[in-house]
Enquirer: 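I am attaching a structure below and will ask some questions about it afterwards.
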Amino acid sequence: MKFLVLSFFAFTNAALAQENCGYPTSLHKSGFEVGEQPSIVTLPNEATPVTIALQFPTSNITVQSDTIQVYGAYTGPANTGITVNDVRALSNGVNFTSPIIHLVPGPNTITLKAATLDLAPQVITRIVTYDNAQPAPITFTGMSPGDYAPIRIPYAVTYVIPAGQTALTRAQFDLDGDGTFELDSATVPASLQFDFDSPGFYLAATRLSFDDGNPGTPLVVNLGTAAVLVQ
């Protein structure tokens, strides 16, 4: 970790101070602000059993997007490693998330493995069926599944207007996953991004509303999520 911090701050004296005394939550701060020094981290005991709670995808689901993101929670010793389809997932000792997984039309097997240096891997599989007969109503993805804080995550969103509707009338975005829509407009902004200063697992979300022009009929609402893990 010391090497990463020093290289990020170009081996400056400030970097040395931050390495030993505190980490900045923003590149515009020193790392010495009150309350911004990291708390002491206690590593889990080496005897901690490996347990996995795979939150998405659920079993035998059908999706209309050709990509998914696998995420969940886990416990285990400090040397626990997690892969999804043999690609390393990001993990922080509590949560994990995969990079974007590409699907082929029809059934796809998603294989999650969690292992330590001393134990055989635990394996969880899910079957996800990609139905490509119709385009996905909405896709919402982070351009990166995460990294070390501070980090800026751009988002991408695509959608199709549902059958019977005429226009998108409302676009809401919760870019930090706190349950509150920070952006609320009539259109999708040309640029979507969020600056994460603090470590954690974030489930960003979007809600798009469509109207058929008839005030007597309800709006059609489509939802999308994107997982981001910041270390």
Side-chain angles (χ1 to χ4, degrees), residues 4 8 23-28 52-58 61 63-74 81-104 108 110-114 124 126 128 130 132 135-160 168 170-185 187-209 221-231:
L4 292 175
F8 189 80
Y23 298 88
T25 60
S26 169
L27 294 180
H28 302 292
I52 299 291
L54 181 53
Q55 297 167 348
F56 188 84
T58 54
I61 64 170
V63 299
Q64 291 177 289
S65 172
D66 62 354
T67 63
I68 65 166
Q69 195 171 9
V70 178
Y71 57 85
Y74 76 102
I82 299 175
T83 63
V84 178
N85 287 6
D86 295 325
V87 176
R88 183 179 64 85
L90 292 180
S91 60
N92 64 358
V94 179
N95 299 99
F96 66 89
T97 183
S98 76
I100 295 298
I101 303 295
H102 293 271
L103 306 176
V104 298
N108 294 257
I110 305 298
T111 303
L112 181 146
K113 297 179 183 178
I124 299 175
R126 294 281 189 270
V128 176
Y130 167 36
N132 65 335
I138 181 174
T139 60
F140 181 53
T141 56
M143 303 309 288
S144 166
D147 209 327
Y148 289 92
I151 182 174
R152 174 171 295 172
I153 299 291
Y155 295 97
V157 58
T158 62
Y159 66 90
V160 295
L168 171 70
R170 191 177 188 184
Q172 298 166 283
F173 295 93
D174 173 13
L175 299 180
D176 62 355
D178 66 353
T180 300
F181 292 110
E182 295 89 15
L183 299 178
D184 192 334
S185 66
T187 60
V188 174
S191 176
L192 285 169
Q193 59 190 22
F194 188 83
D195 293 334
F196 291 92
D197 290 332
S198 302
F201 175 77
Y202 304 90
L203 193 59
T206 182
R207 182 166 66 189
L208 303 184
S209 301
V221 178
N222 288 328
L223 305 174
T225 58
V228 176
L229 191 146
V230 180
Q231 302 184 71

Enquirer: Between Thr180 (side chain) and Glu182 (backbone), is there a donor-acceptor pair under 3.5 Å?
Expert: no

Enquirer: Out of the candidates Val228, Val230, Asn95, only one should pair with Phe201 under the side chain to side chain contact (heavy atoms under 4.5 Å, CB included) rule; please name it.
Expert: Asn95

Enquirer: Under a 3.5 Å distance rule, please check whether Asn85 uses its side chain to pair with a backbone N or O of Val87 as donor and acceptor.
Expert: no

Enquirer: Can you see whether Gln69 engages Thr97 through a side-chain donor-acceptor pair at a distance of less than 3.5 angstrom?
Expert: yes

Enquirer: Is it true that a side-chain atom of Ser144 and a backbone atom of Gly146 form a donor plus acceptor pair closer than 3.5 Å?
Expert: yes

Enquirer: Checking the side chain of Thr206 only, and the main-chain atoms of Gln172 only, is there a donor and an acceptor separated by less than 3.5 Å?
Expert: yes

Enquirer: So which pairs with a foot in residues 85-96 pass salt bridge (Lys or Arg N to Asp or Glu O under 4.0 Å), sequence neighbours left out?
Expert: Asp86-Lys113

Enquirer: Show your working on side-chain contact (heavy atoms from CB on, under 4.5 Å) between Asn108 and Ile101 and close with a plain yes or no.
Expert: CA-CA 10 Å; Asn108 294 257; Ile101 303 295; over 6 Å; no

Enquirer: Heavy atoms only: give me the nearest Ala149-Phe196 pair and the separation to one decimal.
Expert: CB-O, 4.1 Å

Enquirer: In terms of relative ring orientation, are Phe56 and Tyr71 parallel, tilted or perpendicular, with 30° and 60° separating the classes?
Expert: parallel

Enquirer: Closer than 3.5 angstrom, by distance alone: can the side chain of Asn92 be matched with the main-chain N or O of Gln231 as a donor-acceptor pair?
Expert: no

Enquirer: My understanding is that only one of Ile110, Val84, Val70 makes a side chain to side chain contact (heavy atoms under 4.5 Å, CB included) with Leu54; could you say which?
Expert: Val70

Enquirer: Using the test salt bridge (Lys or Arg N to Asp or Glu O under 4.0 Å), find all partners of Arg170 that sit at least two apart in sequence or belong to another chain.
Expert: Asp184

